Amino acid sequence: MAEKITKREIDYSKWYLDIIKVAELAEHSDVKGCMVIKPYGFAIWEKIKDQLDKMFKETGHQNAYFPIFVPKSLFEAEEKNAEGFAKECAVVTHHRLMNDPENPGKLMVDPNAKLEEELVVRPTSEAIIWSTYKKWIQSYRDLPILINQWANVVRWEMRTRLFLRTAEFLWQEGHTAHATKAEAIAETEQMNGIYAKFAEEFMAMPVFQGLKTESERFAGADETYCIEAMMQDGKALQAGTSHFLGQNFAKAFDVKFADKEGKQDYVWATSWGVSTRLMGALIMTHSDDLGLVLPPALAPIHVAIVPIYKGDDQLEEIKSKLGPIISELRSNGVAVKFDDDDNKRPGWKFAEYEAKGVPVRLAIGPRDLENGKIEIARRDTQEKNVIDLSDCVKEVSRLLEEIQTNLYQKALDFREKNIQMIDSYEEFKSKIENGGFFLAHWDGTAETEELVKKETKATIRCIPFEGDKEEGVCMVTGKPSKQRVIFAKAY
RNA sequence: CGGGGUGUAGCGUAGCCCGGUUAUCGCGCGUCGUUUGGGACGACGAGGUCGCAGGUUCGAAUCCUGCCACCCCGACCA
């Protein structure tokens, strides 16, 4: 074993970092809290991005791009938003460096190049976008505006973890403008639904959809919708959010429109985003102690083919046998990697593709050639079979589908096993230590929420849409509650 | 921001307490050969401002001072 992976049960956090390392997804950069996303990791992100982008476009959105810098005066316009993000903003104050007269060969900030107005490196783009929308919107005929951007943002976090929370991260942020409240709410819900669909169908990751409580809400939003997923250690990960922003930004940036009657009104807004954090979710949902496990829908390589041969003659024979099969697979949309790198031996390749989570592996050597067979192995269950070469294409397609379904089912079963209804706060306090989701009644107050957080470190992940809406009494205060909410410790 | 840790070749490390030839070992890298069904082996070879800056000393990776960077734990976290 060239590279060891710490077992999950020994140190989950170390395991997570080891997976990222052995699968070559990312590494720490020389900048605190920032990461380098390596080609294989980025290939997965591109798959995520391409699929989401398609889904956004199918629902009428267009991509655009807004600047990374936000003048401070714009940034502070929406008070709550500004306040919420102020503590973690990188700020540009100068625009030039100069040679340091005291230290030859060194540079210093040119004191004469101080900016008149500081520029905030966007932690999110509502401000710059709404200041732009003001110019674009005069009439109801200009609405709705349905725009998304793929961008990087910076949040100067105290404590970072690869993919889950980095100082700079990649994401998409949708920013829409509507004539009516109902339409904006429908948009918010639609996009949260798209996130849920993407999580479940492509990431094979079950999620709960719901609303955030007021204290967990996005700064500047009237309502925050979210998808919440359970990781293998029983902790919750907020995987995506969709915000109904009301008229807060329209008021802050004075964006009004004339309706059909010629009456002026403020525009209704939404914003919604998912980030490279999804990579973390993907890793922690499916991977095992051997490495990454990827759902076929997002795997950059679906099938790795490892030829086993002595000498060029055998390799040529394998190539000519597999040529048509590879072409057929590819024309079926299967991403095939035929690995005839002579510098690596088969055993090395097996381990490598396992670590990288490639869903299906084919191996073929002289023994198989003689019998017209090929070995097929699936990553999720580690099963290996020898099948007829003629069944190969069919079997690969079948397996890819089965793996996708199986991964989802496995994750769903895990979640079911680790979620429970609970009515006693005492019981909750002891059980929450081991992770898992808890459906409990809550009196709806921020005070109770805060108390639970203080005493157990668990938070209300969301007020879920699904499930019974039976009334009850708060597990902490005994006051009335309209429905159960999800408590969990979160990333 | 508090606590802890680390910094020596691309990576991981030994040496540091107790200063002294040419800075240790493994992986990786290069050449050649043998290999190839679960992370091959041999031979030869290349690769170092010992984080940075001062200081002490005949002599510093090692001792002292200052600085920087990153990691881990905590607080914080839409």
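Model, not experiment: these values are computed from the prediction. In the text below, chain A, chain B and the rest are named by the order of the sequence lines, each starting its count at 1.
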Kindly indicate, with the supporting measurements, whether the criterion salt bridge (charged side-chain N to carboxylate O under 4.0 Å, His left out) is fulfilled by Lys453(A) and Glu450(A). CA-CA 5 Å; Lys453(A) 186 177 179 182; Glu450(A) 183 61 31; 5.4 Å; no
Within the sub-3.5 Å range, which N or O atoms of nucleotides 2-5 of chain B have a protein N or O partner, and how far apart are they?
none

Lys/Arg N to Asp/Glu carboxylate O, Lys344(A) vs Glu352(A), below 4.0 Å: no
Is Glu455(A) salt-bridged to Lys429(A), going by a charged N under 4.0 Å from an acidic O? yes
Write down the protein N/O and nucleotide N/O pairs, taken from nucleotides 66-70 of chain B, whose separation is under 3.5 Å; answer none if there are no such pairs.
unit_1  : atom_1 : unit_2   : atom_2 : d
rC70(B) : OP1    : Lys32(A) : N      : 2.7

With a 4.0 Å cut-off on N to O distance, would you call Lys337(A) and Asp339(A) a salt bridge? no
Take Lys87(A) and Glu157(A), measure what salt bridge (charged side-chain N to carboxylate O under 4.0 Å, His left out) needs, and give me the verdict at the end. CA-CA 9 Å; Lys87(A) 300 186 300 293; Glu157(A) 303 282 357; over 6 Å; no
Can you tabulate the close N/O pairs, meaning under 3.5 Å, that link protein atoms to atoms of nucleotides 76-78 of chain B?
unit_1  : atom_1 : unit_2    : atom_2 : d
rC77(B) : O2     : Arg165(A) : NE     : 2.5
rC77(B) : O2     : Arg165(A) : NH1    : 3.0
rC77(B) : O2     : Arg165(A) : NH2    : 2.8
rA78(B) : O3'    : Arg217(A) : O      : 3.0
rA78(B) : O3'    : Phe218(A) : N      : 2.9
rA78(B) : O3'    : Ala219(A) : N      : 2.6
rA78(B) : N9     : Arg155(A) : NH1    : 3.2
rA78(B) : N7     : Arg155(A) : NH1    : 2.9
rA78(B) : N6     : Arg155(A) : NH1    : 3.1
rA78(B) : N1     : Arg155(A) : NH1    : 2.6
rA78(B) : N3     : Arg155(A) : NH1    : 2.8

Quote, to the nearest angstrom, the C1' distance that separates rU13(B) from rG28(B). 14 Å
P-based separation of rG51(B) from rA14(B) [nearest Å]: 14 Å
P atom, rG59(B) versus rU22(B): distance in rounded Å? 16 Å
Determine, for Tyr491(A) and Lys235(A), whether the Lys NZ or Arg CZ falls below 6.0 Å from the six-membered ring centre while staying within 45 degrees of the axis. yes
Take atom C1' in rC68(B) and the same atom in rG54(B), then report the distance between them in whole Å. 14 Å
Measure the spacing between CD of Glu214(A) and CG of Asp222(A) and express it to the nearest 0.5 Å. 10.0 Å
For Asp391(A), is there an ion pair with Lys394(A) - N to carboxylate O distance below 4.0 angstrom? yes
One pair to check against ring pair (Phe, Tyr, Trp, His ring centres under 6.0 Å): Phe487(A) and Phe438(A). What are the steps and the verdict? CA-CA 5 Å; Phe487(A) 280 93; Phe438(A) 294 85; 8.8 Å; no
Would you call Glu354(A) and Arg379(A) a salt bridge, using N to O less than 4.0 angstrom? no
Where do Arg155(A) and Glu168(A) land on the salt bridge (charged side-chain N to carboxylate O under 4.0 Å, His left out) test, with the steps shown first? CA-CA 6 Å; Arg155(A) 296 181 187 177; Glu168(A) 180 198 20; over 6 Å; no
Which distance, rounded to the nearest 0.5 Å, do you find between the OG of Ser131(A) and the CZ of Phe66(A)? 8.5 Å
For the residue pair Asp340(A) / Tyr309(A), report whether a side-chain donor-acceptor contact shorter than 3.5 Å exists. no
Can you see if the side chain of Lys21(A) gets near the phosphate of rC11(B) - specifically, an N or O under 4.0 Å from OP1 or OP2? no
Suppose you measure atom C1' in rC11(B) against the same atom in rG48(B); what distance do you get, rounded to whole Å? 14 Å
When the C1' atoms of rG45(B) and rA9(B) are compared, how many Å lie between them, rounded to an integer? 15 Å
Pick out the pairs of N or O atoms, protein on one side and nucleotides 35-38 of chain B on the other, that lie under 3.5 Å.
unit_1  : atom_1 : unit_2    : atom_2 : d
rG37(B) : OP1    : Arg345(A) : NH1    : 3.4
rG37(B) : OP1    : Arg345(A) : NH2    : 3.1
rG37(B) : O6     : Gly365(A) : O      : 3.3
rG37(B) : O6     : Pro366(A) : N      : 3.3
rG37(B) : O6     : Arg367(A) : N      : 2.7
rG37(B) : O6     : Asp368(A) : N      : 3.1
rG37(B) : O6     : Asp368(A) : OD2    : 3.3
rG37(B) : N1     : Asp368(A) : OD2    : 2.3
rG37(B) : N2     : Asp368(A) : OD2    : 3.1
rG38(B) : N7     : Lys384(A) : NZ     : 3.2
rG38(B) : O6     : Arg361(A) : NH1    : 3.2
rG38(B) : O6     : Arg361(A) : NH2    : 2.8
rG38(B) : N1     : Glu354(A) : OE2    : 2.8
rG38(B) : N2     : Glu354(A) : OE1    : 2.5
rG38(B) : N2     : Glu354(A) : OE2    : 3.4

Check whether NZ of the Lys or CZ of the Arg Lys212(A) lies under 6.0 Å from the centre of the six-membered ring of Tyr225(A) and within 45 degrees of that ring's axis. no
Between Leu294(A) and Pro300(A), which heavy-atom pair has the shortest distance, and what is it? CD1-CD, 3.8 Å
Tell me yes or no: between the side chains of Thr270(A) and Thr176(A), is some donor less than 3.5 Å from an acceptor? yes
Which value, in whole Å, describes the distance between the C1' atoms of nucleotides rA69(B) and rA60(B)? 23 Å
I need the CD-C1' distance between Glu27(A) and rC71(B), as an integer number of Å. 14 Å
Is Asp368(A) salt-bridged to Lys373(A), going by a charged N under 4.0 Å from an acidic O? no
Where does RNA chain B pair, written as one dot-bracket string 5' to 3', with Watson-Crick or G-U pairs under 3.5 Å, ( ) inside the strand, [ ] for crossing pairs and | for another strand? (((((((..(((.......[....))).((((((.....)))))).....(((((..]....))))))))))))....
Rounded distance in Å between the P positions of rG19(B) and rC64(B): 11 Å
Backbone N or O of Val293(A) within a donor-acceptor pair of the Ser287(A) side chain at under 3.5 Å? yes
Would you check if the side chain of Gln232(A) reaches a backbone N or O of Thr285(A) as a donor-acceptor pair within less than 3.5 Å? yes
Show the distances under 3.5 angstrom between N or O atoms of the protein and N or O atoms of nucleotides 43-46 of chain B.
none

Round to a whole Å and report the spacing from CG of Asp289(A) to P of rG39(B). 19 Å
In whole angstroms, the gap separating P of rG30(B) from CG of Asn343(A) amounts to 8 Å
